[in-house]
Structure formats: structure tokens, C-alpha cells
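Read the structure below first, then the notes.
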Amino acid sequence: MHKMASGQLSRAEALACTNCRHACHVMLYCDTQNELFGQIPIKHIILMQMRFDGLLGFPGGFVNPSEESLEEGLSRELLEEIGAVVPISVENHVESCQSPASTSSTGLILHFYAKKMEEEQILELERSAASTAIDHGHEVLGMVRVPLYCTKEGGLSSFLSHSFIGTARQQLLDCLLRFGLISPQNLCQALSISVATHKRTTKDLKSALALMKGKQQ
Ligand code: APR
Ligand code: MG
């Protein structure tokens, strides 16, 4: 049994909060034998999305437990955001927690799921997300895959240095270890490079801002 971090709730405890808002998100993933440039093993395809707010996140959204089960609500959200029926069951539940950003009056409970699929199914989801999903180009700017490898230029370290919605980065890291998709050593290494990448990005943004300020005058 995975140790529950502080602030975590069981699915039943979370559902007992009837005046809370509930949101469900899922990590859909598969194994793959494919290689990048014919030599770097890709190992797993993990789907995330570029959201309307410019942040990376997992597919899913608000559900209404008085009208639908959490899993039905999540499947409904996936139909809107990915354009395909993806059945989600209680077995796919990973964790529930109070949103760190929520207060007791505007309680938001976040439910997280993970579902392992076949590679062909994941490829089909990528196709439908770009062609039939009603949210495509509106609430979802595009599905993206998480690079798990390290290249000279970056890979996972650069991916992790982007901006994420809420606790999505932590959910990703937690699932990578939980499902053995990366070793703790490799994840540590990627994170330490990521911190350095982030510092460089901050520096770039500061000089871009200084340049723009100069142009305003
Ligand atoms: N971790 C933590 N919080 C998250 C995560 C995550 N991985 N992903 C989303 N959230 C939060 C968001 O900040 C949001 O408050 O959960 C809530 C609902 O998730 P969304 O996927 O944004 O909800 P969705 O139903 O798909 O659409 C959101 O709300 O902001 C409006 O107009 C916007 O129509 C949109 C709707
Ligand atoms: Mg959403």
C-alpha cells in the first residue's frame, strides 16, 4: 500500500464532502518499443495536454457526484477533451486530496486516476483528440507526450521545467515512480537538471522583458 501523503483522503472520505466541488483527472499511458532517432528507447507514452490557460495538465475536469459517479464524470470530460470513449473504473483511482489552493468555503477535491492502455489505443486517442474532440482548440490546445529520456538538450528535465496546473507536476512524478516508469535515480537526475534549466529560463524571460520595456519608450 502506497503511503498517503498529508492532505490525502480516501475516495469515500472525499465523497463525504457534499458541499465541495470535485474534479477528476487521469494519466493515460502505455508501453512502447519505439525509439527516438532509432536509438533512444521511448519506453512509455504518457498523455498530458496543453490547456487553454497555457499550463500543462492531465485530461479531465469538474464532475458532479450528485448526478454521476466520479468515474462517469471523468469519462464524460474525456469524451469532450479527447473525443473518444475511455471507460474509467474505481480500480483506476490513484488518490484524492484537498486542492492546496482551495479554502474551506470553496473546497475543491481533486481525484486522480491512472489507466494503462495498449499502444494502438493511445495512438487512436491522439488522433481523435485532434479531430473529433469538441474542446480541441478551445479548452485543450493539444495533447502532448511526456519525454522520459534524457538527451543532450534536455528531455524529461526540460519538460518538467515548464509550468503546470495545480499539482499536476507532482501527480506526474508520483505516478512515474508508483508505476515504475522511471528509476528514482534517473528522476532525481532529471529534476536537478530541470532546476538549472528553470534558472536559465528565468534569466531569458528577464532579458526579454527588459528588451520589451526598452521598446515601449
Ligand atoms: N492538479 C491540481 N488541480 C488541477 C489539475 C491538476 N492536475 N488539473 C486541473 N486542476 C484544477 C483546475 O485548476 C481547476 O480548478 O481542477 C479544476 C478543474 O479542472 P479543469 O480540467 O480545468 O476543469 P474542466 O471542467 O475541464 O474545465 C474548466 O473552468 O476555468 C473554467 O472556463 C474554464 O471551462 C473551463 C472550466
Ligand atoms: Mg479539463
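Counting starts at 1 for both ligands and their atoms, in listed order.
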*In terms of residue, atom name and distance, what is the protein heavy atom nearest to atom 27 (O) of ligand 1?*
E139 OE1, 3.4 Å
*asked:* At less than 4.0 angstrom from any non-hydrogen atom of T167, what atoms of ligand 1 do you find?
replied: 1 (N), 2 (C)
*asked:* Please state which option from L172, D135, I165, L108 has its nearest heavy atom closest to atom 5 (C) of ligand 1.
replied: I165
*Any idea which heavy atoms bring M143 and L47 closest together, and the distance?*
CE-CB, 4.0 Å
*Is the shortest N/O to N/O distance between G60 and ligand 1 below 3.5 Å?*
yes
*So which protein heavy atom does atom 23 (O) of ligand 1 come closest to, and at what separation?*
G61 CA, 3.4 Å
*Separation between CG of L55 and CG of L141, rounded to the nearest 0.5 Å*: 10.5 Å
*Less than 4.0 Å between atom 32 (O) of ligand 1 and some protein heavy atom, yes or no?*
no
*Name the closest protein heavy atom to atom 11 (C) of ligand 1, giving the residue it belongs to and the distance to 0.1 Å.*
L110 CD2, 4.1 Å
_Side chain to side chain, I46 and L176, heavy atoms closer than 4.5 Å_ = yes
*Using non-hydrogen atoms of the residue, decide whether G57 is closer than 4.0 angstrom to ligand 1.*
no
_F58 and F112 aromatic ring geometry - parallel, tilted or perpendicular at 30°/60° bounds_ = perpendicular
*Considering only protein heavy atoms, which is closest to atom 7 (N) of ligand 1, and at what distance to one decimal place?*
Q171 OE1, 2.7 Å
_Within the structure, is a non-hydrogen atom of R51 found at a distance of less than 4.0 Å from ligand 1?_
yes
*Looking only at protein heavy atoms, identify the closest one to atom 30 (O) of ligand 1 and say how far it is in Å.*
F52 CZ, 3.8 Å
*Identify whether I193 and L173 are in the same connected component of the hydrophobic contact network (ILVMFWY, side-chain heavy atoms under 4.5 Å).*
no
*Please could you name the atoms of ligand 1 that E81 approaches to less than 4.0 Å, counting only its heavy atoms?*
26 (O)
*What is the closest protein heavy atom to atom 29 (O) of ligand 1, and at what distance does it sit?*
F62 CE1, 3.9 Å
*Determine whether L181 and L156 fall in the same hydrophobic cluster, where Ile, Leu, Val, Met, Phe, Trp and Tyr are linked whenever their side-chain heavy atoms lie under 4.5 Å apart.*
yes
*Checking only N/O/S atoms, does A23 have one that is under 2.8 Å from the Mg ion (ligand 2)?*
no
*asked:* For E153 versus S158, what's the shortest heavy-atom pair and its separation?
replied: O-OG, 3.7 Å
*Identify whether V146 and F164 are in the same connected component of the hydrophobic contact network (ILVMFWY, side-chain heavy atoms under 4.5 Å).*
yes
*Atom CD1 of I109 and atom CG of L15: how far apart are they, to the nearest 0.5 Å?*
8.0 Å
_At less than 4.0 angstrom from any non-hydrogen atom of A168, what atoms of ligand 1 do you find?_
1 (N), 6 (C), 7 (N)
*Salt bridge present between K115 and E71 (N-O < 4.0 angstrom)*: no
*Return yes when at least one N/O/S atom of E81 is nearer than 2.8 Å to the Mg ion (ligand 2), and no when none is.*
yes
_Pairwise distance OG(S157) to NE2(H198) - rounded to 0.5 angstrom_ = 12.5 Å
*Any heavy atom of Q170 sitting closer than 4.0 Å to ligand 1?*
no
